[in-house]
Colleague: 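The structure under discussion is supplied below as structure tokens; questions concerning it will follow.
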Amino acid sequence: MNRIDQRFSELKEQGRKALIPYITAGDPAPQYTVGFMHALVEAGADIIELGVPFSDPMADGPVIQKACERALKQGTRLVDLLDMVAEFRQVDTKTPIVLMGYLNPVERIGYETFADKAASVGVDGVLVVDMPPEEADEFGPLLKARGLAAIFLVAPTTSNARAATICAHGEGYLYYVSLKGVTGAATLNADDVAEHLAPLREMTDLPLCVGFGIRDGVTAAEVAKVADGVIVGSALVNRIAESVDAPETIAGQLKSVLGEMRTAMDA
């Protein structure tokens, strides 16, 4: 069983919801990323989304755009990120890791080479923002053959017909984008999220996880009432941005932010 499936099975037995933090690999510098990943697990992360830095992250707002810029300035490449996962796996063999990013870096090293390397280092899922299921005929089977979950996005504007297509191709969990806009955008409404998740539950047994707009323990707890998982990115990446001149303090700050969310969700 894929580690993602195993984790959601465990959470369901415990009556808990998944807390899924996102950070951009290589931000503020590559040597800190693995330590940040361990800190997030210590603070209560159930799954980690590790962002692949890219020069044109079209779904992301200014906070994550700047994180990508900082990581790229440090020379962080997709192959470096895969090495980070391998290093993380030397200590942690249980926490699922999802790579989240854009298609161009994957195409540069080749679909099959990427899938082989990702599987070998211990990646569990891949979310390529600009590769919808209709365009994944070649890449999707390569991931599936190696036990890697292909994770897709669903937005508030997604039609029911297209949502059904996405659900049919998705694995691991479904990433529901709670807002019309980019990461770090306006405040979300949990009731509105619940209304949009209801028809998705009729289409799929995949866990429904909600991202975009999760800012603190209050919003995380509200979303956890209606979703199977809560995804938080900009709130964490912003803490990294605020402390680039004191990187030794960042792990503690990430633990504080995520720990508040974990406590609120479990209350």
Side-chain angles (χ1 to χ4, degrees), residues 11 16-24 27 36 40 43-52 54 57-68 98 100-102 125 127-130 151-159 162-163 166 170 172-201 206-242 253-267:
L11 289 167
R16 299 168 68 237
K17 303 298 180 72
L19 180 55
I20 307 174
Y22 165 99
I23 57 171
T24 303
D27 177 31
F36 293 168
L40 293 170
D46 296 298
I47 297 169
I48 293 175
E49 287 186 352
L50 194 58
V52 181
F54 181 52
M58 63 191 75
D60 293 300
V63 171
I64 292 177
Q65 286 179 21
K66 290 176 182 177
C68 287
V98 172
M100 182 174 181
Y102 298 83
L127 197 169
V128 179
V129 174
D130 51 349
I151 297 167
F152 294 105
L153 299 165
V154 175
T157 52
T158 304
S159 69
R162 186 150 192 283
I166 294 170
Y173 56 91
L174 204 62
Y175 189 133
Y176 177 74
V177 177
S178 66
L179 304 165
K180 299 175 186 176
V182 294
T183 54
T187 305
L188 59 79
N189 182 305
D191 291 335
D192 185 59
V193 170
E195 183 178 334
H196 281 87
L197 293 184
L200 295 175
R201 293 203 184 278
L206 287 172
L208 305 181
C209 300
V210 175
F212 289 44
I214 310 294
R215 297 175 178 274
D216 50 28
V218 174
T219 50
E222 286 298 309
V223 170
K225 292 175 183 176
V226 300
D228 301 305
V230 174
I231 302 167
V232 54
S234 294
L236 296 169
V237 176
N238 196 47
R239 284 300 183 96
I240 295 173
E242 292 171 350
Q253 294 187 57
L254 296 179
K255 288 174 72 173
S256 176
V257 173
L258 200 70
E260 179 203 354
M261 295 183 182
R262 178 81 271 171
T263 299
M265 288 169 61
D266 290 346

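It should be emphasised that the depicted structure is a prediction, and the values quoted were computed from it without experimental measurement. Heavy-atom basis, side chains included; hydrogens, waters and symmetry copies ignored.
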Colleague: Identify, with sequence neighbours excluded, every residue that meets side chain to side chain contact (heavy atoms under 4.5 Å, CB included) alongside V129.
Modeller: A59, M100, Y102, L127, L153
Colleague: Can you name the residues that form a side chain to side chain contact (heavy atoms under 4.5 Å, CB included) with A227, not counting sequence neighbours?
Modeller: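 Side chain to side chain contact (heavy atoms under 4.5 Å, CB included) check on A227 returns L197, V210, V223.
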Colleague: In Å and rounded to the nearest 0.5 Å, what is the CG to CE distance from L258 to M265?
Modeller: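 Answer for the CG-CE pair, L258 versus M265, is 9.0 Å.
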Colleague: Distance from C209 atom SG to I47 atom CD1, nearest 0.5 Å?
Modeller: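 That separation rounds to 6.0 Å.
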Colleague: When rounded to the nearest 0.5 angstrom, what distance separates CD in Q253 from CD1 in I240?
Modeller: 9.5 Å
Colleague: Mind checking what makes side chain to side chain donor-acceptor pair (under 3.5 Å) contact with Y22, not counting sequence neighbours?
Modeller: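 For Y22, the residues satisfying side chain to side chain donor-acceptor pair (under 3.5 Å) (neighbours in sequence not counted) are T24.
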Colleague: Name all residues meeting the side chain to side chain donor-acceptor pair (under 3.5 Å) criterion together with R262; count only those two or more places apart in sequence or in a different chain, and write none if there are none.
Modeller: D46, D266
Colleague: Roughly how far apart are L206 CG and L174 CG, rounded to 0.5 Å?
Modeller: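 Taking CG in L206 and CG in L174, the distance rounds to 6.0 Å.
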Colleague: Rounded to the nearest 0.5 Å, how far apart are CG of L254 and CZ of F36?
Modeller: 6.0 Å
Colleague: So which heavy atom on I151 is nearest to which on Y173, and how close?
Modeller: CG2-O, 3.3 Å
Colleague: Go through the structure and list residues passing side chain to side chain donor-acceptor pair (under 3.5 Å) with D130, not counting sequence neighbours.
Modeller: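 Expected list: none.
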Colleague: Quick one: salt bridge (charged side-chain N to carboxylate O under 4.0 Å, His left out) pairs with a partner in residues 229-242, sequence neighbours left out?
Modeller: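 Qualifying pairs: none.
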Colleague: Using side-chain contact (heavy atoms from CB on, under 4.5 Å), reason through F212 and V177 one step at a time and then give a plain yes or no.
Modeller: CA-CA 6 Å; F212 289 44; V177 177; 3.5 Å; yes
Colleague: Who passes side chain to side chain contact (heavy atoms under 4.5 Å, CB included) against A241, sequence neighbours left out?
Modeller: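 Per chain and number, A241 pairs via side chain to side chain contact (heavy atoms under 4.5 Å, CB included) with R70.
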Colleague: With E260, which residues qualify under salt bridge (Lys or Arg N to Asp or Glu O under 4.0 Å), at least two apart?
Modeller: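 By the salt bridge (Lys or Arg N to Asp or Glu O under 4.0 Å) rule, E260 matches no residue at all.
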Colleague: Under the criterion side-chain contact (heavy atoms from CB on, under 4.5 Å), which of V232, L19, I20, I231 is the partner of I214?
Modeller: V232
Colleague: Check side chain to side chain contact (heavy atoms under 4.5 Å, CB included) between A163 and all other residues, then give those that pass, not counting sequence neighbours.
Modeller: T158, L200, M203
Colleague: Quick one: which residue pairs count as a salt bridge (charged side-chain N to carboxylate O under 4.0 Å, His left out) with a foot in residues 190-201, not counting sequence neighbours?
Modeller: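 Matches after skipping sequence neighbours: R201-D228.
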Colleague: K255: which residues meet the salt bridge (Lys or Arg N to Asp or Glu O under 4.0 Å) condition with it, sequence neighbours left out?
Modeller: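 Only E42 meet the salt bridge (Lys or Arg N to Asp or Glu O under 4.0 Å) criterion with K255.
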Colleague: Taking all non-hydrogen atoms of both residues into account, name the closest pair between A220 and V230 and its distance.
Modeller: O-CG2, 3.6 Å
